[in-house]
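This report refers to the structure that appears directly beneath it.
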Amino acid sequence: MNVLTRFAPSPTGHLHIGNLRPALINWLFAHSAGGDMVLRYDDTDRARSREEYAQAIAEDLAWIGILPRTSVRQQDRLALYDAAVERLREAGLLYPCYETPDELERRRRRNLAAGRPPIYGREALKLTAEDRAALEAEGRRAHWRFLLPNFGETPFEMRRTEARWDDLIRGEQVIDLASLSDPVLVREDGTYVYTITSVVDDGKMGITHVIRGEDHVANTAVQIAIFEALGFSLPAFGHHNLLTTTDGEGLSKRSGALSLRTLREEGYEPMAVASLAVLTGMAGAIEALSDLEKLAKRLDLSAISASSAKFDPAELDRLNADLVHALPHEAVSERLRSAGVPDKVAEPFWLAVRGNCVKVGDAALWWVAVEKGPQSVPAFDEEARKVLHAAKALLPPEPWDERTWKSWTGAVKDASGAKGRSLFMPLRLALTGLDHGPELAALLPLIGRDRTLARL
Ligand code: GLU
């Protein structure tokens with residue numbers, strides 16, 4: 001079987017790390033199976049969908065390394081939905097309803113109060129042609145519901161009807177269709193609801209695996225009935241846990257801060273974001289993997305946990321730092337150049353400082369320390385001044401290499417009598433202005449003799 005998955009965002013906002021989870025799971029799953037993933041924009045909601053968001057979604061996915069071969073927009077596929085809806089109507093599986101949201105809400109409350117399940121009672125099925133004509137004459141327009149196959153002799157005798165599937169992630173799933181309301185498939189204004197458009201696309205495009213968030217489990221039961229009514233073969237279904245932050249705040253609220261755009265602007269590595277999005281809520285360590293191939297090898301649908309996928313946004317820093325510490329110079333050369341690091345020292349500079357960077361951008365701070373040194377004159381006590389004095393007198397001639405630091409400070413130690421912290425801290429502060437940082441043995445040749453002399 002040729003695996004074909006899809007990622008189906010609505011272009012109503014920017015992608016955040018929680019949306020990246022299904023995107024990557026689908027992409028990696030298809031990739032591992034030698035298959036493909038379609039990017040499908042669920043944009044039938046004209047009022048909320050925006051072209052700029054559709055473009056931003058493609059850009060954000062490309063940043064992660066997801067480059068779908070095919071992308072489609074539901075807006076371009078309306079004729080397919082027209083035909084499917086017509087088929088359901090002809091089969092008597094779609095019926096017009098006229099209730100307003102208020103009326104439905106009142107009825108729902110009455111049902112609850114009477115101890116009945118708060119589901120739609122199919123009242124509109126009882127309307128005669130005259131009733132409907134009268135309602136339309138009042139100016140009401142119909143929305144259309146799909147008649148779920150959950151009844152015996154008549155639609156008013158609902159009975160337990162199990163929708164079953166072997167979920168790729170959650171295992172055997174059973175949902176009683178009699179516990180659900182007939183879904184609205186066509187809105188009052190004639191536009192189609194995702195419930196039907198998604199089935200038509202999945203069916204027509206030959207999607208083999210529908211993998212999405214667990215908030216869609218009930219949809220799946222309904223959609224299986226629609227797949228069957230339309231004569232499409234069923235894809236396999238999988239529902240993954242949703243990413244949430246540990247403080248319990250939903251991702252939609254935090255979506256600004258955790259949008260892929262913002263994370264990119266803040267200088268996070270795409271693979272740190274990707275690793276966190278996929279490995280949270282899955283058995284095994286949450287580690288930063290260096291490329292999507294490696295992440296694909298870690299993806300195991302059966303290892304996705306049944307409980308929630310909570311993450312601490314601070315984890316991103318840890319994963320990012322792990323990646324940055326191992327990045328070779330080629331991976332960052334452009335970024336170093338734009339931070340003003342001259343090409344001829346860029347590689348040794350990067351190797352000296354990467355272990356002290358959480359983000360690649362932090363290298364710019366270390367470059368300031370190398371090039372400019374202290375931003376204000378550090379205050380030194382008598383003992384420190386003695387160390388610096390000896391250091392200046394004993395500064396060896398160039399050329400310098402990684403061994404220069406050891407021989408120089410050895411000589412300073414002998415001359416001043418200072419050792420350990422009392423020896424090294426005044427030198428570090430005088431040279432860089434900071435009390436911590438990369439190995440001075442590696443920085444010293446980059447700072448060079450002239451600048452060193454001027455700082456002592
Ligand atoms: N547009 C839907 C969503 O973003 C797609 C769900 C699905 O994958 O079927 O939730």
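Just so it is clear, the structure is predicted and the values come from calculations on it, not from any experiment. Every number for a ligand or one of its atoms is a count from 1 in the order of the listing.
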Contacts for ligand 1, heavy atom under 4.0 Å, by chain and number, are Arg6, Ala8, Ser10, Asp42, Tyr194, Ser198, Arg212, His216
Does the Lys NZ or Arg CZ of Lys344 fall within the cation-pi geometry relative to Phe349 - under 6.0 Å from the ring centre and within 45° of the axis?
no
Establish, for the pair Arg145 and Tyr120, whether the NZ or CZ atom is under 6.0 angstrom from the six-membered ring centre and no further than 45 degrees off its axis.
yes
Those residues that, when tested against Leu351, pass side chain to side chain contact (heavy atoms under 4.5 Å, CB included) (two or more places apart)
Glu347, Arg354
Report the residues that fulfil side-chain hydrogen bond (donor to acceptor under 3.5 Å, both in side chains) with Asp435, sequence neighbours left out, ordered by chain and then residue number.
none
Do the numbers put Arg73 on top of the ring of Tyr41, so that NZ or CZ is under 6.0 Å from the six-membered ring centre and no more than 45° off the axis?
yes
Side-chain donor-acceptor distances from residues 356-364 under 3.5 Å, at least two apart:
| residue | atom | partner | partner atom | Å |
| --- | --- | --- | --- | --- |
| Lys359 | NZ | Glu266 | O | 3.0 |
| Asp362 | OD2 | Val358 | N | 2.8 |
| Asp362 | OD2 | Lys359 | N | 3.0 |

